[in-house]
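The structure appears right after this line, and notes come after that.
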There are 2 protein chains.
Amino acid sequence: MDAERLLVETGLSGRKTAPRLATNRIIRGDCIEAMNALPAGSVDLIFADPPYNLQLGGDLHRPDGSQVDAVDDDWDKFSSFAAYDRFTRAWLKAAHRLLKPDGAIWTIGSYHNIFRVGAALQDEGYWLLNDIVWRKANPMPNFKGTRFTNAHETLIWAAKSENSRYCFNYHAMKAMNEDVQMRSDWLIPICTGNERLKDGGAKAHPTQKPEALLYRILVACTRPGDVVLDPFFGTGTTGAVAKLLGRRWIGIEREEKYARVAEQRIAGLLPLEGGAIEISEGKRAEPRIPFGSLVESGFVRPGTRLWGPGRRVGASVRADGSLDMAGRTGSIHQMGAAAQGLPSCNGWTFWHIEDDDGRLVPLDARRQAFRLTTAAGA
Amino acid sequence: MDAERLLVETGLSGRKTAPRLATNRIIRGDCIEAMNALPAGSVDLIFADPPYNLQLGGDLHRPDGSQVDAVDDDWDKFSSFAAYDRFTRAWLKAAHRLLKPDGAIWTIGSYHNIFRVGAALQDEGYWLLNDIVWRKANPMPNFKGTRFTNAHETLIWAAKSENSRYCFNYHAMKAMNEDVQMRSDWLIPICTGNERLKDGGAKAHPTQKPEALLYRILVACTRPGDVVLDPFFGTGTTGAVAKLLGRRWIGIEREEKYARVAEQRIAGLLPLEGGAIEISEGKRAEPRIPFGSLVESGFVRPGTRLWGPGRRVGASVRADGSLDMAGRTGSIHQMGAAAQGLPSCNGWTFWHIEDDDGRLVPLDARRQAFRLTTAAGA
DNA sequence: CCACACTCTGAATCTCCAA
DNA sequence: GTTGGAGATTCAGAGTGTG
């Protein structure tokens with residue numbers, strides 16, 4: 001096994017730093033303490049489903065880990081929101097430290113908490129990429145008829161920083177959506193039926209998320225072998241889908257009963273086999289090939305005539321791979337742009353070449369043929 | 001007409017105080033100063049479309065080389081999140097003072113600003129009721145393939161306080177949505193075509209909102225005669241729809257060029273007549289493409305006369321998409337059934353509408369046209 | 001007059017690598 | 001850090017023109 005292969009299989013490919021990290025496990029305990037105990041810059045993607053602060057009670061924790069008591073009439077709104085903000089900023093800061101430079105985070109929430117989470121993300125230095133609307137195909141109605149049916153939840157996708165070269169599998173998303181760009185509104189049913197985990201007859205967790213939601217997120221924003229962390233693991237939907245898709249995962253969960261259910265759930269799963277997790281790649285994933293390589297390899301001979309659409313413009317290939325268009329010279333891209341009066345141009349698709357039957361074929365076809373022959377040799 | 005009915009139609013129902021207030025006018029100037037000069041507790045509903053603080057980078061070109069006309073106006077530039085927050089909290093505070101005790105506010109924004117606006121609303125004492133997703137039927141694509149198509153904007157609906165008995169015309173919303181509860185995700189086309197105001201050939205305002213959006217909001221959350229204030233009036237969509245629906249309005253606008261366009265626009269409008277703006281008291285029917293969508297989008301105007309086969313029965317379209325047939329009201333299906341003495345009826349095929357030449361065309365043809373423009377409606 | 005082709009545009013945080 | 005060149009990238013709707 002060569003070094004390149006080893007790097008890929010250990011998930012170190014394409015990442016600047018990758019400290020040793022035990023993955024595919026659940027860490028019991030407070031998520032802020034647990035994250036601070038993990039090595040900085042070690043995680044590719046974080047998915048977080050934090051408490052929604054529905055009535056400012058329940059499972060809300062202060063930054064020091066102590067539990068906030070249930071709704072208390074003595075608390076005014078400001079101090080309650082302030083407590084939620086402190087908690088939010090603390091876990092977002094710990095998450096930020098954990099991410100690799102090109103890492104990213106997804107969070108989910110409702111109108112009760114998502115505005116505070118979104119503002120905190122911006123304040124902590126994350127760079128927002130999209131807000132995504134999960135449109136519930138089967139939401140719970142508003143029984144009293146006092147408001148609109150609350151039929152969606154909001155997700156926020158953010159990179160670690162403005163300069164992060166985050167992972168986005170654009171072509172995979174497009175393929176999943178009938179070959180049109182995936183939009184920011186996703187129609188997905190809520191988690192019901194067999195997918196809904198039971199614990200002694202009752203539902204195991206009150207807010208279990210559908211696997212379809214995590215599936216789309218992980219296909220869109222991770223590569224095989226990436227490390228995915230979920231600091232509010234619950235019953236482990238993130239881990240289940242990560243395992244299915246051949247991603248490594250770490251879950252943090254404070255409640256033993258949830259952790260136990262999650263462990264059983266994930267242990268019983270089998271990952272998709274081999275090629276099943278492959279996704280559509282675009283041209284960006286292909287190795288770059290200078291036009292000059294085709295010339296020096298004889299795929300395109302110097303002096304060959306190239307034509308724009310409808311033969312309205314023509315140019316001649318020179319020995320160094322540049323073009324001569326009526327006396328002006330430059331790259332295939334520069335001359336394509338000049339021919340159209342545009343600021344830029346993809347010369348591979350603009351220029352055409354005559355095949356043996358005199359038909360015009362895009363230059364890009366020659367590049368593809370060149371790739372196939374060189375790949376076979378390598 | 002009984003007292004209750006009179007109160008509803010004059011907009012005095014359920015309102016504690018109603019100071020004298022000059023309405024149906026545009027105030028030129030800074031919205032915070034202008035709001036502070038108006039009497040406290042005098043406004044029923046505020047609709048606010050504040051600057052989004054987009055933070056755009058360089059030029060953006062479409063794949064065909066054309067340049068996107070960016071929102072680069074000075075009014076959208078802020079030096080920092082902190083500066084934007086100060087601005088936001090200042091106008092929200094002034095708006096809060098203006099509202100009647102049972103008043104409410106709607107704001108709109110994108111992921112660039114909406115989280116800060118939402119958090120500020122909570123901090124200023126407003127009580128969030130819903131977040132609403134405006135799903136754009138025809139959004140601008142992501143030309144570089146770097147993110148999900150940004151296909152929606154977010155609105156927040158909030159009452160002045162937790163104790164406000166805010167106005168929500170539940171049955172009108174249900175009637176507008178084929179007698180199922182209106183959800184929190186709304187599919188509405190962006191503002192284009194004849195509706196898009198021009199000023200010397202160019203678009204008059206870079207971010208003009210569709211009337212269908214304001215139509216739904218005002219039908220849902222106001223009564224005839226209510227005072228609606230828009231502190232970022234722009235080209236006056238709020239005022240135009242308010243006038244159409246028989247609501248009083250106040251617009252505040254800093255830029256003279258926008259105010260002038262808005263003034264002309266609203267002056268040229270006629271309000272809907274009498275019964276057309278009455279909203280449904282509620283009843284029953286069945287789902288699919290909501291007839292109300294055709295009404296709010298302008299495919300069928302309120303007040304339009306519908307005819308049964310051979311013109312043996314007639315009915316008038318009301319503002320919420322229900323019909324008035326000789327005093328009896330209900331959905332297109334209910335009224336079709338009633339007209340024939342049958343238990344049920346497909347209103348789409350029973351009712352006909354006059355085309356420009358006076359010929360009767362089935363309502364279903366309009367639905368088909370609507371489907372084509374909104375891409376399936378679902 | 002109809003069918004079809006072509007053009008224009010919209011609140012957008014819109015590339016990546018080597019030198 | 002910056003700069004410059006290679007080269008990848010779009011959907012729906014409305015308006016206009018042509019045969």
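As the structure is a prediction and not an experimental result, all values here were calculated from the model. Keep in mind that the numbers below use all heavy atoms, side chains included, and drop hydrogens, waters and symmetry copies.
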Just call it for [X]: base, sugar-phosphate, or nothing, with non-hydrogen atoms closer than 4.0 Å on any strand.
{"X": "B/Asn53", "value": "nothing"}
{"X": "A/Leu128", "value": "base"}
{"X": "B/Gly58", "value": "base"}
{"X": "A/Gln181", "value": "sugar-phosphate"}
{"X": "B/Val68", "value": "base"}
{"X": "B/Pro50", "value": "base"}
{"X": "A/Lys174", "value": "sugar-phosphate"}
{"X": "A/Cys345", "value": "base"}
{"X": "B/Ile108", "value": "nothing"}
{"X": "B/Thr192", "value": "sugar-phosphate"}
{"X": "B/Arg62", "value": "base"}

(message) Both B/Val71 and B/Asn142 contact DNA chain C. Taking the nearest nucleotide for each, which residue is further toward the 5' end?
(response) B/Val71

(request) For A/Asn130 and A/Ile132, indicate whether the former's side chain and the latter's backbone hold a donor-acceptor pair under 3.5 Å. (result)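 Flag not set: sc A/Asn130 to bb A/Ile132 has no pair under 3.5 Å.
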
(message) Checking the side chain of A/Ser322 only, and the main-chain atoms of A/Arg318 only, is there a donor and an acceptor separated by less than 3.5 Å?
(response) no

(request) Any chance you could encode DNA chain D as dot-bracket? Rule is Watson-Crick or G-U wobble with both distances under 3.5 Å; [ ] for pairs crossing earlier ones, | for another strand. (result) .|||||....|||||||||

(request) Kindly say whether the aromatic ring centers of B/Phe87 and B/Phe78 come within a distance under 6.0 Å. (result)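 Yes, they do, as the ring centres are separated by less than 6.0 Å.
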
(message) Are B/His205 and B/Trp75, when compared by the centres of their aromatic rings, separated by less than 6.0 Å?
(response) yes

Which whole number of Å gives the distance between the [atom1] atom of [N] and that of [M]?
{"N": "D/dT18", "M": "C/dC1", "atom1": "C1'", "answer": "13 Å"}
{"N": "D/dT10", "M": "C/dT7", "atom1": "C1'", "answer": "15 Å"}
{"N": "D/dG7", "M": "C/dC14", "atom1": "C1'", "answer": "15 Å"}

Measure [atom1]/[X] against [atom2]/[N] and give the value in whole Å, please.
{"X": "B/Lys144", "N": "D/dG7", "atom1": "NZ", "atom2": "P", "result": "15 Å"}
{"X": "A/Phe291", "N": "D/dG7", "atom1": "CZ", "atom2": "P", "result": "11 Å"}
{"X": "A/Lys283", "N": "D/dA6", "atom1": "NZ", "atom2": "C1'", "result": "13 Å"}
{"X": "B/Phe148", "N": "D/dT10", "atom1": "CZ", "atom2": "P", "result": "15 Å"}
{"X": "A/Leu363", "N": "D/dG7", "atom1": "CG", "atom2": "P", "result": "11 Å"}
{"X": "A/Trp348", "N": "D/dG5", "atom1": "CH2", "atom2": "C1'", "result": "14 Å"}
{"X": "B/Arg135", "N": "D/dA12", "atom1": "CZ", "atom2": "C1'", "result": "14 Å"}
{"X": "A/Asp179", "N": "D/dT9", "atom1": "CG", "atom2": "C1'", "result": "15 Å"}

(request) Give the first and the last nucleotide of DNA chain C, reading 5' to 3', that has any atom under 4.0 Å from a heavy atom of chain A. (result) C/dT13 to C/dC17

(request) Rounded to the nearest 0.5 Å, what's the gap from CG on B/Leu155 to CD1 on B/Ile105? Could you check? (result)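 Reported value, rounded in 0.5 Å steps: 11.5 Å.
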
(request) Rounded to the nearest 0.5 Å, what's the gap from CG on A/Asp131 to OG1 on A/Thr154? Could you check? (result) 7.0 Å

Can you label the angle between the [X] ring and the [Y] ring as parallel, tilted or perpendicular, going by 30° and 60°?
{"X": "A/Tyr126", "Y": "A/His96", "value": "perpendicular"}
{"X": "A/Phe168", "Y": "A/Trp157", "value": "tilted"}
{"X": "A/Phe299", "Y": "A/Phe370", "value": "perpendicular"}
{"X": "B/Trp91", "Y": "B/Phe232", "value": "perpendicular"}

(message) For a quick test of reading the model, state the closest non-hydrogen atom pair linking A/Gly347 to A/His333 and the distance between them.
(response) N-ND1, 2.9 Å

(message) Can you see if the side chain of A/His333 gets near the phosphate of D/dG7 - specifically, an N or O under 4.0 Å from OP1 or OP2?
(response)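 Yes, because at least one side-chain N or O of A/His333 sits under 4.0 Å from OP1 or OP2 of D/dG7.
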
(message) Is there a side-chain contact between A/His171 and the phosphate of D/dT9, meaning an N or O under 4.0 Å from OP1 or OP2?
(response)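 For D/dT9, OP1/OP2 do have a side-chain N/O of A/His171 under 4.0 Å.
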
(message) Please tell me whether A/Ser316 and A/Arg305 have a donor and an acceptor in their side chains that are separated by less than 3.5 angstrom.
(response)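 Yes - a donor-acceptor pair under 3.5 Å links their side chains.
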
(message) I want to confirm an ordering. Mapping A/Asp364 and B/Pro141 to their closest nucleotides on DNA chain D, which one lands closer to the 5' end?
(response) A/Asp364

(request) Could you pick out which residue, B/Thr149 or A/Arg367, lies toward the 5' side of DNA chain D when each is mapped onto its nearest nucleotide? (result)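 Its nearest nucleotide being more 5', the pick is A/Arg367.
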
(request) Check every atom of D/dA8, D/dA6, D/dC11 against the side chain of A/Asn346 and return the nucleotide holding the closest atom. (result)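 Looking only at side-chain atoms, A/Asn346 lies closest to D/dA8.
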
(message) Checking understanding here: a glycosidic angle within 90° of 0 is syn, the rest anti, so what is D/dT9?
(response)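 Base orientation: anti.
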
